[in-house]
Amino acid sequence: MKCRFCVNKDLPPDMKGDMDFNLFKRIIDEIYGKVYDINLFHRGEPLLNRNIVSMVSYASSRGIKTRIHTNATLLDKDLSRKLILAGLDLISFSFDGYTKEEYEKNRSGANFSENLGRIVDFLKVKNELRSKKPYTIIQVIEQKEKLSGSEIRKQRKIFLKNFENLPLNKIVTRTPHNWGGLLKLNGTDKKRKMDSKKSLCTFPWYSLTVSYDGRVFLCPQDFEGKICLGSLNNEKVSEIFNGKIIKRMRDRFISGEVENIIPCNDCDRITRKTLLKVPLEYLGIFIKDRLRV
């Protein structure tokens, strides 16, 4: 099982909204030895949480691998050092374009050069500490309907020069998805093969999404929290993962009865081409996760 935590309510750092650290520790104490890793991000910027370093450290002390996905706007050298020393296993940076024009159009209020510099500084600190961790990824959403393949490759090549001789492990390109039908997308990536039939979703069998307030949801694509499975304020993770609500959802997916499930009925993730019920674009990742358990 994989857990994804929403560690804050996406509020400014001087306002309440962080996940209670004692609740977090109680969850970790229950799931250690049963999960491979946890994602300390969902529906918000994880670096807004004032306890994020302590969360990484505590989970690491229990043998649970940790991941965060950040836009880097709150990152500095001191926080970079603390996250690395806390034992963070993977960090991915959301960088919304290879050029200043595209990036600042997509990431309103952020500065291309400043944020690029924050990521470069993180990698320099990682070098200084001679640390192999965290595995470092830059994730870019490519708007393939706007540019030709050769233009995108040219932009990517220029962009990657910023990381020469730095410990960047991987660059990942993503195609936008519709967040359970919340977004209407103009155009579909040709590599994302869609099917006329809805396939079996894998999320109900191997992951849970935990909100900052302890509520548990079926899926990270359920951005508005339509399907609540319970609350860890008065239930255990095992009780929710094996509870009546999630079992009923699994049965409905197996039988193909998803037309009346919101937001599943409009989610593009269950209309993608699959192999053994796993989307082709994520098959490698899914197999690796299963082999690690």
Side-chain angles (χ1 to χ4, degrees), residues 4-15 17-19 37-56 66-84 86 88-126 133-143 146 152 155-156 158-160 162-163 166-180 182-183 185 209-212 220-221 223-224:
R4 180 185 297 270
F5 287 80
C6 175
V7 295
N8 63 278
K9 198 183 178 184
D10 203 9
L11 294 172
D14 59 338
M15 298 177 68
D18 291 350
M19 172 177 273
D37 62 10
I38 56 173
N39 294 334
L40 295 174
F41 60 92
H42 179 57
R43 298 201 314 184
E45 169 53 50
L47 300 187
L48 278 170
N49 189 295
R50 290 159 288 190
N51 294 317
I52 190 65
V53 173
S54 297
M55 288 177 162
V56 170
T66 54
R67 304 182 179 198
I68 65 172
H69 183 64
T70 173
N71 59 39
T73 54
L74 298 176
L75 195 64
D76 57 30
K77 288 184 178 181
D78 181 58
L79 182 54
S80 297
R81 182 177 296 273
K82 288 177 179 178
L83 285 169
I84 294 169
L88 183 65
D89 290 281
L90 183 148
I91 186 170
S92 59
F93 294 105
S94 179
F95 210 83
D96 305 304
Y98 294 125
T99 66
K100 177 180 175 66
E101 180 183 11
E102 187 69 20
Y103 176 85
E104 294 183 1
K105 177 183 176 182
N106 292 328
R107 179 67 63 179
S108 179
N111 181 284
F112 176 86
S113 297
E114 290 177 1
N115 256 21
L116 183 59
R118 291 184 179 101
I119 298 173
V120 168
D121 283 344
F122 177 90
L123 293 169
K124 288 180 178 178
V125 171
K126 183 181 171 183
K133 298 194 309 182
Y135 190 87
T136 306
I137 299 169
I138 292 182
Q139 178 177 299
V140 181
I141 293 180
E142 293 182 345
Q143 304 290 340
K146 296 180 181 180
I152 290 176
Q155 288 185 356
R156 186 190 303 136
I158 294 172
F159 178 74
L160 287 176
N162 292 287
F163 308 104
L166 290 173
L168 176 65
N169 297 103
K170 190 176 184 180
I171 183 165
V172 173
T173 58
R174 293 283 193 227
T175 301
H177 58 81
N178 72 0
W179 282 106
L182 276 180
L183 301 178
L185 303 177
T209 298
V210 184
S211 178
Y212 78 101
Q221 307 310 309
F223 199 76
E224 292 186 327

Can you list everything that forms a ring-ring contact (aromatic ring centres under 6.0 Å, His included) with Phe163? Sequence neighbours excluded, please.
Phe159
Could you tell me which non-hydrogen atom of Thr66 sits nearest to which non-hydrogen atom of Asp89, and how far apart they are?
N-OD2, 3.0 Å
To check you understand the geometry: which heavy-atom pair defines the closest contact between Leu75 and Leu83, and what is its length?
CD1-CD1, 4.2 Å
Do the side chains of Leu40 and Asn49 get nearer than 4.5 Å, heavy atoms only?
no
Going from OG on Ser80 to CG on Asp121, what distance comes out if it is rounded to the nearest 0.5 angstrom?
7.5 Å
Closest heavy-atom pair, Ile119 versus Ala72, reported as atoms and distance to 0.1 Å, is CG1-CB, 4.0 Å
So do Val140 and Asp96 actually touch side chain to side chain, heavy atoms under 4.5 Å?
no
Could you tell me which non-hydrogen atom of Lys133 sits nearest to which non-hydrogen atom of Ile84, and how far apart they are?
O-CG2, 3.7 Å
Applying side-chain hydrogen bond (donor to acceptor under 3.5 Å, both in side chains), can you list everything that pairs with Glu104, at least two apart in sequence or on another chain?
Lys100
When you compare the side chain of Ser211 with that of His42, does any pair of heavy atoms fall below 4.5 Å?
no
Can you name the residues that form a side chain to side chain contact (heavy atoms under 4.5 Å, CB included) with Thr70, not counting sequence neighbours?
Glu45, Pro46, Leu47, Ile91, Phe93
Hey, could you give me the CG/CG distance between Leu160 and Leu166, rounded to the nearest 0.5 Å?
11.5 Å
side-chain hydrogen bond (donor to acceptor under 3.5 Å, both in side chains) partners of Lys126, counting only residues at least two apart
Thr136, Asn169
Measure from the side-chain N and O atoms of Asn51 to the backbone N and O of Ser54, and report whether any donor-acceptor pair falls under 3.5 Å.
no
If you take all heavy atoms of Pro220 and Thr209, which pair is closest and at what distance?
N-OG1, 3.3 Å
In the structure I gave you, are the side-chain heavy atoms of Ile171 and Ile137 within less than 4.5 Å of one another anywhere?
no
Atom CG of Leu48 and atom CG of Asp18: how far apart are they, to the nearest 0.5 Å?
8.0 Å
Hey, what do you get for CD (Gln139) to CG (Asn71), rounding to the nearest 0.5 Å?
12.0 Å
If we only count heavy atoms from C-beta on, is the Asp37 to Arg67 side-chain gap below 4.5 Å?
yes
Residues in side-chain hydrogen bond (donor to acceptor under 3.5 Å, both in side chains) contact with Lys82, at least two apart in sequence or another chain:
Asp78
Set of side-chain hydrogen bond (donor to acceptor under 3.5 Å, both in side chains) partners for Asn115, sequence neighbours left out:
Tyr103, Arg118
Intermediate values then yes/no, side chain to side chain contact (heavy atoms under 4.5 Å, CB included), Ile68 and Asn39:
CA-CA 6 Å; Ile68 65 172; Asn39 294 334; over 6 Å; no
Under a 4.5 Å cut-off applied to non-hydrogen side-chain atoms, are Phe122 and Pro134 in contact?
yes
Counting C-beta onward and ignoring hydrogens, is there a side-chain heavy-atom pair between Tyr98 and Phe112 closer than 4.5 Å?
no
For the residue pair Val172 and Lys170, establish whether any side-chain heavy-atom pair is separated by less than 4.5 Å.
yes
Scanning both residues in full, the closest heavy-atom pair of Met19 with Val210 reads CE-CG1, 3.9 Å
